[in-house]
Amino acid sequence: MTLEELRGGVERIRREWTESLPEACDLEALEQLRVQFLGRKGRVTALLGRMKELDLAQRAEAGRLLNKLKDEVTRELEERSLALEKAAVEERLTAEGYDLTLPGVWRPVGHLHPLTQVRLEIEDIFLRLGFDVATGPEVETDYYNFEALNIPADHPARDEWDSFYVGEGQLLRTHTSPVQIRVMKERRPPVRIICPGKCYRRDNPDATHAQVFHQVELLWVDEELTMANLKWIIGEFVGAFFGPDYEMRFAADYFPFTEPSAQVHIRPRGRAATGRHLGGWLEIMGAGMVDPLVLEEVGYDPERYTGFAFGLGVERMAMLRWGIDDIRLFLQNDPRFLYQF
Ligand code: FA5
């Protein structure tokens with residue numbers, strides 16, 4: 001073979017390639033064409049194989065011609081392949097009847113339950129004040145729920161916490177106060193914790209009482225703590241959570257595990273009170289100075305340490321914040337209620 005014959009061969013292949021390419025109407029036909037021209041036994045490859053018949057001096061020119069042909073064929077093959085793929089996708093979309101310009105379907109995105117939002121906000125306020133979060137079991141023993149809190153079996157105060165018993169000496173905790181005992185038994189003072197969690201009581205359900213509700217317990221034990229520190233911290237907390245449109249008052253109370261004891265009431269005023277059914281005072285927590293008997297029970301020296309604690313109703317906080325007049329709404333999971341928060 002001469003260089004001229006090779007040149008002729010290149011031109012012929014080029015021409016035939018250009019004629020055949022538009023006829024390959026799908027990816028399968030295109031693949032056949034690729035094999036026919038560029039495959040192991042294809043026409044370009046065959047011509048490349050014949051280069052050795054040329055004089056050495058002519059091989060460089062022949063190589064240039066053949067490489068150019070191969071590059072062009074490869075590039076055009078790729079272009080055609082992309083165009084065919086695109087056309088195939090478009091054809092499928094048309095056949096399936098998709099209209100990509102139609103607006104999408106609105107899918108509701110979930111969010112945190114209002115009670116979770118309130119709990120997280122309460123935790124946030126106390127974390128900033130230097131408290132840790134501690135937790136305890138919901139199925140408690142009589143000892144932690146009552147005995148260690150200075151409420152022996154025959155104590156009349158047990159009537160306050162009508163309980164769900166689940167077995168001998170075991171009950172669903174009626175408050176988060178047992179977590180105080182568990183933490184104090186594990187740590188030495190100073191102790192500064194809050195304990196959020198569920199509580200269970202056989203209360204008659206009404207607008208402000210549920211049988212399952214949430215509390216956040218607070219406990220601070222250190223040297224030289226007084227009722228003034230307790231009042232200060234409650235004031236800080238109520239101010240941070242409710243802002244200026246709410247009033248707070250303390251009233252005397254009794255708990256066997258605190259002395260003295262108090263309850264805290266909150267009432268919206270001004271704009272916050274407008275149009276609310278629940279316009280009056282609502283009790284949000286019980287509080288007090290930890291009774292020395294409780295400190296002794298956990299092995300703290302009551303001569304050296306004092307402490308204070310409170311138990312806060314999370315539902316009540318949410319009710320006051322949003323003007324919700326029935327606690328049962330939180331448990332019904334009605335989306336018309338929940339999507340408002
Ligand atoms: C207690 O549970 C005490 N453990 C609180 C405490 C802790 C006092 C530490 C002193 C020191 P009380 O039963 O009052 O106290 O409940 C505290 C708060 O929980 C109430 O103010 C109220 O906000 C909420 N609460 C109580 N019972 C219910 C209920 N059935 N439904 C919804 N919230 C309730």
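Read the numbers this way: they start at 1 and go in the same order the structure lists the ligands and their atoms.
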* For M285, atoms of ligand 1 separated by under 4.0 Å from a heavy atom -> 21 (O)
* cation_pi(R201, F213) dist<6.0 Å, angle<=45 -> no
* Structure fact -> Note: H209, heavy atoms under 4.0 Å from ligand 1, region reported as both
* Taking non-hydrogen atoms only, is T208 closer than 4.0 angstrom to ligand 1 via side chain, backbone, both or neither? -> backbone
* Proximity flag S261 to ligand 1, non-hydrogen atoms under 4.0 Å -> no
* Note the single closest protein heavy atom to atom 24 (C) of ligand 1, along with its residue, its atom name and the distance in Å. => G313 CA, 3.7 Å
* **L312, T258, V314: member with heavy atom nearest to atom 11 (C) of ligand 1** => T258
* Nearest neighbour in protein (non-hydrogen) for atom 22 (C) of ligand 1 -> R316 NH1, 3.6 Å
* What protein heavy atom sits nearest atom 16 (O) of ligand 1, and how far off is it? -> Q215 NE2, 3.3 Å
* Structure fact -> protein heavy-atom neighbour closest to atom 25 (N) of ligand 1 works out as F213 CE1, 3.5 Å
* With heavy atoms under 4.0 Å as the rule, classify the contact between E283 and ligand 1 as side chain, backbone, both or neither. => both
* Asked: Would you say V264 touches ligand 1, if touching means a heavy atom closer than 4.0 Å?
  -> no
* Look at the side chain of Q211 and the backbone N and O of D203, then say whether any donor-acceptor pair between them is shorter than 3.5 Å. => yes
* Report yes if the distance between the aromatic ring centroids of H175 and F257 is under 6.0 Å, otherwise no. => yes
* To do: Inspect the surroundings of CD in Q340 and state if more than 12 heavy atoms from other residues, nucleotides or ligands are less than 6.0 Å away.
  => yes
* Within 45° of the ring axis of Y144 and under 6.0 Å from its six-membered ring centre, is that where the NZ or CZ of R173 lies? -> no
* Asked: Of all the non-hydrogen atoms in the protein, which one sits nearest to atom 6 (C) of ligand 1, and at what distance?
  -> G286 O, 3.4 Å
* Counting both backbone and side chain atoms, is some N or O of E217 under 3.5 Å from an N or O of ligand 1? -> no
* Carefully, step by step, assess E223 and T306 under the rule side-chain hydrogen bond (donor to acceptor under 3.5 Å, both in side chains). => CA-CA 6 Å; E223 292 176 11; T306 53; over 6 Å; no
* **Side-chain ion pair, R182 and E186, N-O less than 4.0 Å** => no
* Asked: How far is atom 15 (O) of ligand 1 from its nearest protein heavy atom, and which residue and atom name does that atom have?
  -> F255 CE2, 3.4 Å
* Structure fact -> Given the options F341, F242, F330, F337, W322 meets ring pair (Phe, Tyr, Trp, His ring centres under 6.0 Å) only with F341
* Tell me: protein heavy atom nearest atom 23 (O) of ligand 1, and distance? -> I284 O, 3.1 Å
* What distance do E90 atom CD and K86 atom NZ have between them, rounded to the nearest 0.5 Å? -> 5.0 Å
* Can a non-hydrogen atom of F257 be found less than 4.0 Å from any atom of ligand 1? -> yes
* Is the shortest N/O to N/O distance between G311 and ligand 1 below 3.5 Å? -> no
* Looking at side-chain heavy atoms only, is the closest gap between L66 and M51 below 4.5 Å? -> yes
* Where's the contact between S177 and ligand 1, heavy-atom distance under 4.0 Å: side chain, backbone, both or neither? -> side chain
* Kindly assign one of parallel, tilted or perpendicular to the pair W17 and F37, based on the angle between their ring planes and the thresholds 30° and 60°. => perpendicular
* **Residue-ligand contact E315/ligand 1, heavy atom below 4.0 Å** => no
* Are R75 and D71 ion-paired here, with the side-chain N under 4.0 Å from a carboxylate O? -> no
* Asked: ligand 1 versus T176, non-hydrogen atoms closer than 4.0 Å: side chain, backbone, both, neither?
  -> neither
* Minimum non-hydrogen distance to atom 12 (P) of ligand 1, winning option of Q263, R201, Q211 -> R201
* Specify whether F126 and F131 have parallel, tilted or perpendicular ring planes, treating 30° as the upper limit for parallel and 60° as the lower limit for perpendicular. => perpendicular
* To do: Please lay out, stage by stage, how E217 and Q180 fare under the test side-chain hydrogen bond (donor to acceptor under 3.5 Å, both in side chains).
  => CA-CA 8 Å; E217 190 85 5; Q180 285 187 32; 2.6 Å; yes
* May I ask you to check if ligand 1 and A210 share an N or O to N or O distance below 3.5 Å? => yes
* Asked: Considering only heavy atoms, does Q180 approach ligand 1 within less than 4.0 Å through its side chain, its backbone, both, or neither?
  -> side chain
